[in-house]
There are 2 protein chains.
Amino acid sequence: MTDPRGGTRARLNRTTVVQAAMTFADANGIESLSMRKLGGELGVEAMSLYKHVANKSDLTDGMIDGVFAEIALPSGKTGWRTAMRRRAISVREVLARHTWAIGLMESRTTPGPATLRHHDAVLGVLRGAGFSIGGAAHASSIMDSYIYGFALQETNLPSKTIGTARLAELVLAKLAYQQYPHLAELTIEHLLQPEYDYGNEFEFGIDLILDALERARRSA
Amino acid sequence: MTDPRGGTRARLNRTTVVQAAMTFADANGIESLSMRKLGGELGVEAMSLYKHVANKSDLTDGMIDGVFAEIALPSGKTGWRTAMRRRAISVREVLARHTWAIGLMESRTTPGPATLRHHDAVLGVLRGAGFSIGGAAHASSIMDSYIYGFALQETNLPSKTIGTARLAELVLAKLAYQQYPHLAELTIEHLLQPEYDYGNEFEFGIDLILDALERARRSA
DNA sequence: ACCTGAACACCGTTCAAGT
DNA sequence: ACCTGAACACCGTTCAAGT
């Protein structure tokens, strides 16, 4: 975007730097994001970035908060179930767009403002629907665990590239039939079927959880 | 363990190297695990390790499989619900012992034999209990998503160290009361209560999921 | 067969210096 | 106030050489 040569280079700030890091990680993978390369992307030496972020860990904290900022905030107007279902789908969508985010969460230090705002809104919807404090804690813990774990598994899927990869898997599965019979059965007769899409598992799971939470809420 | 000086140093192999890497990551964190330091730990130059693992990514693949090898395999003899509950608790326990594992999963390339054996056993229990292929896929997807996501959140908990940290959080929560009222309420009136333990959320969630899966199984 | 030493192309981060 | 250049203490990995 910015021109590394000409003098019209835009002045940097924390947001510019963090956004550029997110775009770079989307395009090249988090493992190849370095302060030097990010500087290069912005037409600046690596060391200039330290005026805007404290260090690389601060940068990744910012990236995670940037991810949360992209998630649609739930509103209480639709009823808690619809609100929670929509926000679950939004979280999953955003995490699929930024596949590096889940991996970074393990090493995050402090949640940023967008993260806090997001969780506050979720709790607000649940409390407004009559969940007790403990019930809201239960509900948000189980929903978030499910969503994050699903995103983690989705990122890890062996076959993002289809075609030859599928064929190879099929052959491997056949070879391993005796050793891992149930895995082979699942792979050949279910996962490799053309109509199968792992993404569809997401809605099955979130609906199962929302139904169970609604039952728990009513009997509380 | 091994003596870097004397000639009685044990001969290395893939298992020794992978186990040493796991122990090192447990003790010092995954971010400080390097081929050079791991070599040092084993009384050998970094370059010697390349006789036993292809590269660092192969090493981390091995570490993940080592984690799966520690999980108790579910048996079909107890009924599927008990078997799945026990294995969920075992997975969570192992992931809490090796906090780096969840973060590595994002970048894993190929599942190892212990991983395949584990998933095959899970599917075997479900199929044996009458779940259809699709039902078993649903069930294992939702259970694993929940377990992995829970482990991810547990690793991220702000207050592993209690005491002063708790007090600081409390103060911060009060300051932010107007901005994040529901988060403040939850923190002060629930999370910071001495009897609260986030770990207890795990059993609530897994039981809610198992109950819902049992209902789905019976009506299928 | 297994291990080493030197080398290459990288990292994050510091510090004094420039404008 | 913001950016740079050189430097430090590291990385993963290759390759030819040693035993």
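Only this structure's heavy atoms are used, side chains among them; waters, hydrogens and symmetry mates stay out. Note on naming: letters A, B, ... go to the chains in the order of the sequence lines (proteins, then strands), and numbering restarts at 1 for each one.
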Sequence neighbours excluded, which residues qualify as salt bridge (Lys or Arg N to Asp or Glu O under 4.0 Å) partners of [X]?
{"X": "Arg97(B)", "value": "Glu70(B)"}
{"X": "Arg108(B)", "value": "none"}
{"X": "Asp26(B)", "value": "none"}
{"X": "Arg14(A)", "value": "Asp58(A)"}

For atom [atom1] of [X] and atom [atom2] of [N], their distance in whole Å:
{"X": "Leu49(A)", "N": "dG12(C)", "atom1": "CG", "atom2": "P", "value": "10 Å"}
{"X": "Leu38(B)", "N": "dC11(D)", "atom1": "CG", "atom2": "C1'", "value": "14 Å"}
{"X": "Leu59(B)", "N": "dC11(D)", "atom1": "CG", "atom2": "C1'", "value": "15 Å"}
{"X": "Asn13(A)", "N": "dC3(D)", "atom1": "CG", "atom2": "P", "value": "10 Å"}
{"X": "Asp58(B)", "N": "dG12(D)", "atom1": "CG", "atom2": "C1'", "value": "14 Å"}
{"X": "Glu45(B)", "N": "dC11(D)", "atom1": "CD", "atom2": "P", "value": "13 Å"}
{"X": "Leu12(B)", "N": "dA1(C)", "atom1": "CG", "atom2": "P", "value": "17 Å"}

Checklist entry - Can you name the residues that form a side-chain contact (heavy atoms from CB on, under 4.5 Å) with Thr23(B), not counting sequence neighbours? => result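 Per chain and number, Thr23(B) pairs via side-chain contact (heavy atoms from CB on, under 4.5 Å) with no residue.
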Are [X] and [N] close enough that a side-chain N or O sits under 4.0 Å from OP1 or OP2?
{"X": "Ser48(B)", "N": "dC2(C)", "result": "no"}
{"X": "His52(B)", "N": "dC2(C)", "result": "no"}
{"X": "Lys56(B)", "N": "dC11(D)", "result": "no"}

Checklist entry - Do Ser48(A) side-chain atoms and Val44(A) backbone N/O form a donor-acceptor pair below 3.5 Å? => result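 Not a single qualifying donor-acceptor pair exists.
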Checklist entry - For residues 23-36 of chain A, which residues have at least one heavy atom under 4.0 Å from DNA chain D? => result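 The stretch gives Arg36(A) as the residues lying under 4.0 Å from the strand, ordered by number.
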Side chain of [X], heavy atoms from C-beta onward: which of [options] has the nearest atom to it?
{"X": "Lys37(A)", "options": "dC11(C), dT13(C), dC3(D)", "answer": "dC11(C)"}
{"X": "Met47(B)", "options": "dC3(D), dG5(C), dG5(D)", "answer": "dG5(C)"}
{"X": "Lys51(B)", "options": "dG12(C), dC2(C), dC11(C)", "answer": "dC2(C)"}

Item to check | Contacts of Phe131(A) that satisfy ring-ring contact (aromatic ring centres under 6.0 Å, His included) - sequence neighbours left out | outcome: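 For Phe131(A), the residues satisfying ring-ring contact (aromatic ring centres under 6.0 Å, His included) (neighbours in sequence not counted) are Trp80(A).
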Donor-acceptor pairs are to be reported for all side-chain atoms of residues 116-125 of chain B against protein atoms at under 3.5 Å, with residues two or more places apart or in another chain.
| residue | atom | partner | partner atom | Å |
| --- | --- | --- | --- | --- |
| His118(B) | NE2 | Arg87(B) | NH1 | 2.8 |
| His119(B) | ND1 | Thr115(B) | O | 3.2 |
| Asp120(B) | OD1 | His182(A) | N | 2.8 |
| Asp120(B) | OD1 | Leu183(A) | N | 2.8 |

Checklist entry - So what stems show up for DNA chain C if we need 3 or more Watson-Crick or G-U pairs in a row, all under 3.5 Å? => result C:4-8 with D:12-16, C:12-16 with D:4-8
Item to check | Under 3.5 Å side-chain donor-acceptor pair for Gln153(B) and Ser145(A) | outcome: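 Yes, because at least one side-chain N or O of Gln153(B) sits under 3.5 Å from a partner of the opposite role on Ser145(A).
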